[in-house]
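To start, the structure itself, in structure tokens.
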Amino acid sequence: MSFFNTLRQKASFIDKITESFGSTISRDEKFKLAYKLPPNENIQDDINADVSFVSIYDTNESNKHSVIDLKHNPREKVAYVFSGRIYLTPHYLVFKDTIDGKSCEMILNISTVKKMERSPSPTYAFALVITLYSGSQVIIQFIGLQYRSEQFCEQLKKNLKDNIPKARLLSEFLDTCYSEFIINKNVLRTPNVHPPKAGLGQTFKYPGTVDLIKEKRKLKMWFDYFKLNGQNIAIVKNPNFQKLVRIGLPNRMRGEIWDLCSGAMYLCYANDGIYNKILKDNQGKTSQAIEEIEKDLKRSLPEYLGYQTEEGIRRLRNVLTAYSWKNPDVGYCQAMNIVCAALLIYLTEEQAFWCLCNICDIYVPGYYSKTMYGTLLDQRVFESFVEEKLPVLWEYIVAHNIQLSIVSLPWFLSLFYTSMPLEYAIRIMDMFFMEGAKTIFQVALAVLKINAEDILQADDDSMFIVIIKNYFRTLGESIHPNSPNIRYRQITKFQQLLVTSFKEFSVITDEMIAQERNRYKKEIFQNIETYVKKTQLRHLPRVFHLTDENLSNVYDIYYQSIETHKISMGIGSSNMTFDVFVQFMAKLCEWAKPINVETNPAFNKQRTTFLKILFQKWGTSNLNELTLNDVVVGLDRLMTRDLLESINYFFSLYDKDNDGELQREEVLQLSEGLLLLTEPWKSGRLVDMLTKRAIEDNIAERIAQEKLKDIQDDKQIELPTTYEVDELKYKTEQSERYLQAASSFLQRSFEYAKTVDLSNKIDLIDLSDNDEDSDKKSKDKGKIYESLKANVALDPTHPKVLDLASFRMIILADETYELFFAKTLRSSIYVNKDYSADVSNNSRGNALRCMLDGIVADGRRVAQQVRLRVDSVTSRGGSAAASSVDHSMQSSTEVANSSYDDIDDFTNDGNEATHTHIMDVMSDDEEKGALLKNSWLDEEISNETPNSELTDGPKKRPVSVIVPDGQVHLIDFEE
């Protein structure tokens, strides 16, 4: 026992290692993948049992080995007994032996159960006899506690009752199975039985040269297998099943075996009528996938006669179109038409549809996605296998820079259909549906090994391609054409390929493939994402205000916001809904971030309203979604450096009819939008340039005043090491300034609005019943009318509209709003990742600390202001010094007004230019851009422009600025 305990522990350890390399999927998912069951077939119960299958058609005494003595069984029969575990799902009974996992595998749809009865057994506590529709029996003898056996049977009984509606469809479904046809015709001798509908091969013949004698022999072997082990959705698979598949399927049976092995048969039975419903519901609709399908229809196995007719093209179109509607994430991918065309030779439309579904979802996931990530991943896995199993060949390929994927990629993508003659590719598919994706790897490795000597003589890719093409073209030829032994002469290259594939490379297992896929998945996905990103950025619309780095950051945040879209896998919609748009803008814009509802309940409502306006403005389609192109173009317009363009664009957001005028309600909405956009500055979460200049000049004034005593001694001016900043004061002043700007804007909007003449004055309708009521209401009407006239904005007789010119004038007349559209708005949109990370923290004092960081970056201006003030005092002499300093001190607003003096001196050669004069000149479209670039509005130019007084002065010395919360910031002032 100690030996088995040790072995069990080792096995458990190996399982953990395997799970660590593979994907973490649930037990139910592993179970459904192993047996190709439909998605809803989760395990309800499982138990150890001995199972026997007794066929009603079994009359061969040589098959009777192990006797099962069941009392009260009217049909005492003998059969093999297999020990294993039986699983129960809503519609299936699944059994697998514990000997080697291949001796007995039963997949039984409970619709085939005709009767279930309990039968006592002398050796088992509990036994169950299940009689199938054909009369065959499944005998289940439970191992373990009786109450567990009772639970299993109760659940099975419940499932049988729930499955009664589905069981009524069994007869119709069996009529589509060729195995039922040959049993009914040759065993039951049913009269007037006809073969079921099949693929195009039934009409247009099957590929290759058909040897009727071999076909009949193969068909007879399958007929014998069905008699002993059941058929279709009530079949028992044993080693003979695999042998019959490997020697080659008869053409008439190939469709059903593919259907059975792939699990498409189970999907088809579970989803009866769904295929036709998809076609009917989407009839007449168009999509990009359908357009691509139409282009490839006549390029799908054109050498096959069936696809030279309208019937074959119609079937192919139907299946591919139905799949594109069922799985819109995939839609249609090149090479899918080749695989589907091969399926339709042996399967009906509905069977081929469900088979294609399982190929894409289970066998080769990701092969036919938009990014083809599955194919690229398996190419990397295949290269690792070549490096491991064929090291000499791999070293030669690497040394000569031969691209293996040029040849091998079509093998995987088209499942060999476009590489080798159709009759041989179909034989590969026989094994593919039974063994899974490892078949492709095994055959591909065998091709390289067989041709290794010739490949080692190739110098480049072209010679490599020629060698492989020539080999596939001669697969039907003998490998020993000159041998005196006739048996050797009959061995073809294709037979050699099969032996090499499934014997020498049988070491390639599903576990190895899963391990290698997991090893390279991250690398491949990153490469795909990088490629997709470069491609999309290269094809974005032209922008004028966003840099390449900005676009890269916007791209990343855009797809991070759409969590359902997987770039590397190409699944999920890449368009942005409004809910996602709100989250996206919150990551990019300070004014779009949600705030505490208790402190400002109206803000979030205004935020949603404004974002809806932006969403509708940016959208270019009728799908109520935004694409990446829409978002980039919209952000680019918000980020404009042109003051007039920024003002005009904001006006256009509310001018929905594009008539250049805003009605009263639209003006009110626009004012609410301004309140929303400026909220971060009203609340003090951010500090604008005017406040920053006020702080800088205040610091300079205080430093200059403190250094006046040093002037008397003609000493070198030394800047102090610390200064305190009153945070609350500046935040309060900034908040009042923005509130005053909002109030002034609304007042001026209706003051300067244009009156609209009405031909018919508004009259209040009198609906009174008598004269007294009429007189009373007339007086009330007069009061209401007078109250409306008292409010200019609400005067019903003189409605007003605000045009674009008036709006521009009002904005430019207000210093705060003018700066807001010139720079402040642009600075609140964080298209730079690093900057957005720095300002994303909304804790107390964060805004002022960010402002101090700006002072550190532009500390030369503070030093310059100190020097100008001290120089002014020095030039005037002692008595004039105090007067000069007093004259130079200004209020924070006055300092802000002259905050661009240094820029005016640089750009205008000392000539002053008023705001009004600049705006008048900038209204000319031809000169607007040039003047913007060189005017006082472009502050960034001044920050980068060296000043002779600063560069020639002494070296910098750090000065500490202290804010009330105790934070200390070092600022480099000029001495």
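Every heavy atom of this structure was used, including side-chain atoms; hydrogens, water molecules and symmetry mates were not. The structure presented is a predicted model; accordingly, all values stated were derived computationally and were not measured.
For the residue pair Ser134 and Ile56, the shortest heavy atom distance occurs at O-CG2, 3.5 Å. When all heavy atoms of Cys104 and Val236 are compared, the closest pair comes out as SG-CG1, 3.7 Å. Arg254 approaches Leu249 most closely through the heavy-atom pair NH2-O, 3.1 Å. Taking all atoms of both residues into account, the shortest heavy-atom contact from Ala437 to Phe432 is CA-CE1, 4.1 Å. Scanning all heavy atoms of the two residues, the minimum distance from Asn42 to Pro90 falls at O-CD, 3.4 Å. Contact record, Ala234 with Thr112: CB-OG1, 3.9 Å, taken as the closest heavy-atom pair.
Donor-acceptor pairing under 3.5 Å is lacking for the side chains of Gln151 and Asp45. For the residue pair Gln231 and Ser179, no side-chain donor N or O sits within less than 3.5 Å of a side-chain acceptor on the partner. Asp28 and Ser26 form no side-chain donor-acceptor contact under 3.5 Å, judged by distance and modelled atom types alone. Looking only at atom types and distance, the side chain of Asn318 has no donor-acceptor partner in the side chain of Arg315 under 3.5 Å away. Between Ser262 and Asn358, the side chains place no donor N or O within less than 3.5 Å of an acceptor N or O (distance only, hydrogens not considered). In this structure, a donor-acceptor pair under 3.5 Å is absent between the side chains of Asn276 and Glu349. Looking only at atom types and distance, the side chain of Asn238 has no donor-acceptor partner in the side chain of Tyr80 under 3.5 Å away.
Considering CG of Leu88 and CD1 of Ile43, their distance stands at 10.0 Å, rounded to 0.5 Å. Note: Ile130 CD1 to Ile110 CD1 = 9.5 Å, rounded to the nearest 0.5 Å. The distance from atom CZ of Arg427 to atom CE of Met429, rounded to the nearest 0.5 Å, is 12.5 Å. Residue Cys153 holds its SG atom at 8.0 Å from CD1 of Ile47, rounded to the nearest 0.5 Å. Taking NZ of Lys114 as the reference point, atom OG of Ser136 lies at 11.5 Å (rounded to 0.5 Å). Atom OG1 of residue Thr176 and atom CE of residue Met265 lie 7.0 Å apart, to the nearest 0.5 angstrom.
Residues Trp222 and Phe241 bring their aromatic ring centres within 6.0 Å. Taking the six-membered ring where the residue is Trp, the centroids of Tyr35 and Tyr266 are separated by 6.0 Å or more. Checked against the 6.0 Å centroid criterion, the rings of Trp258 and Tyr346 qualify as a close aromatic pair.
A salt bridge links Arg118 with Glu150; the closest basic N to acidic carboxylate O contact falls under 4.0 Å.
Using a 30° and 60° split on the angle between ring planes, Phe441 and Phe412 fall in the perpendicular class, above 60°.
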Dump the intermediate steps for salt bridge (Lys or Arg N to Asp or Glu O under 4.0 Å) on Glu154 and Lys157, then the final yes or no. CA-CA 5 Å; Glu154 283 299 318; Lys157 181 179 178 182; 5.1 Å; no
Step-by-step side chain to side chain contact (heavy atoms under 4.5 Å, CB included) determination, Lys280 to Lys277: CA-CA 5 Å; Lys280 183 178 179 181; Lys277 185 176 185 302; 5.6 Å; no
The test is side chain to side chain contact (heavy atoms under 4.5 Å, CB included); show your working for Tyr92 and Leu37 and say whether it passes. CA-CA 9 Å; Tyr92 285 89; Leu37 295 179; 4.2 Å; yes
Under the side chain to side chain contact (heavy atoms under 4.5 Å, CB included) criterion, do Glu435 and Lys438 qualify, and how do the steps go? CA-CA 7 Å; Glu435 298 288 348; Lys438 67 180 181 181; 3.4 Å; yes
Show the numbers, then the answer: is there a side chain to side chain contact (heavy atoms under 4.5 Å, CB included) between Ile107 and Phe95? CA-CA 7 Å; Ile107 304 177; Phe95 174 80; over 6 Å; no
Give the intermediate values and the outcome of salt bridge (Lys or Arg N to Asp or Glu O under 4.0 Å) for residues Asp46 and Arg27. CA-CA 12 Å; Asp46 58 296; Arg27 177 176 179 244; 3.2 Å; yes
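A donor-acceptor pair under 3.5 Å links the side-chain atoms of Gln351 to the main chain of Thr348, judged by distance alone. Counting only distance, with no hydrogens or angles, the side chain of Asn229 and the backbone of Tyr225 share a donor-acceptor pair below 3.5 Å. Formation of a donor-acceptor pair under 3.5 Å by the Ser103 side chain with backbone atoms of Ile99 is not found in this model. Panel note: side chain Ser501, backbone Leu497; a donor-acceptor pair is recorded below 3.5 Å. Side-chain atoms of Asn282 come within 3.5 Å of backbone atoms of Ile278 as a donor-acceptor pair (strictly under, hydrogens ignored). Between the Ser119 side chain and the Val129 main chain, no donor and acceptor come within less than 3.5 Å of each other. The backbone N or O of His91 sits less than 3.5 Å from a side-chain atom of Glu41, completing a donor-acceptor pair. Side-chain atoms of Gln202 come within 3.5 Å of backbone atoms of Ala198 as a donor-acceptor pair (strictly under, hydrogens ignored). Panel note: side chain Ser52, backbone Ile139; no donor-acceptor pair is recorded below 3.5 Å. Between the side chain of Asn271 and the backbone N or O of Leu267, at least one donor-acceptor pair lies under 3.5 Å.
For the pair Lys36 and Tyr363, the distance from NZ or CZ to the six-membered ring centre is under 6.0 Å and the angle to the ring normal is within 45 degrees. Cation-pi geometry between Lys389 and Phe385 is not met at under 6.0 angstrom from the ring centre and within 45 degrees of the axis. A cation-pi contact links Lys166 to Tyr269, judged by a cut-off of 6.0 Å to the six-membered ring centre and 45° from its axis.
Taking Phe416 as the reference, Trp411 meet the ring pair (Phe, Tyr, Trp, His ring centres under 6.0 Å) condition, with sequence neighbours excluded.
Counting heavy atoms from C-beta on, the side chains of Cys355 and Phe433 come closer than 4.5 Å. Between Ile428 and Tyr424, the closest side-chain pair of non-hydrogen atoms is not below 4.5 Å. Looking only at side-chain heavy atoms (C-beta outward), Asn159 and Gln44 come within less than 4.5 Å of each other. With contacts defined as side-chain heavy-atom distances shorter than 4.5 Å, the pair Met116/Leu128 qualifies. The shortest distance between side-chain heavy atoms of Leu343 and Ile359 falls below 4.5 Å. Within the 4.5 Å cutoff, side-chain heavy atoms of Tyr178 are placed close to those of Leu219. Residues Asn232 and Leu260 form no side-chain contact, since every pair of their non-hydrogen atoms from C-beta on lies 4.5 Å or further apart. Looking at heavy atoms from C-beta onward, Ile233 lies in side-chain contact with Phe173 at the 4.5 angstrom threshold.
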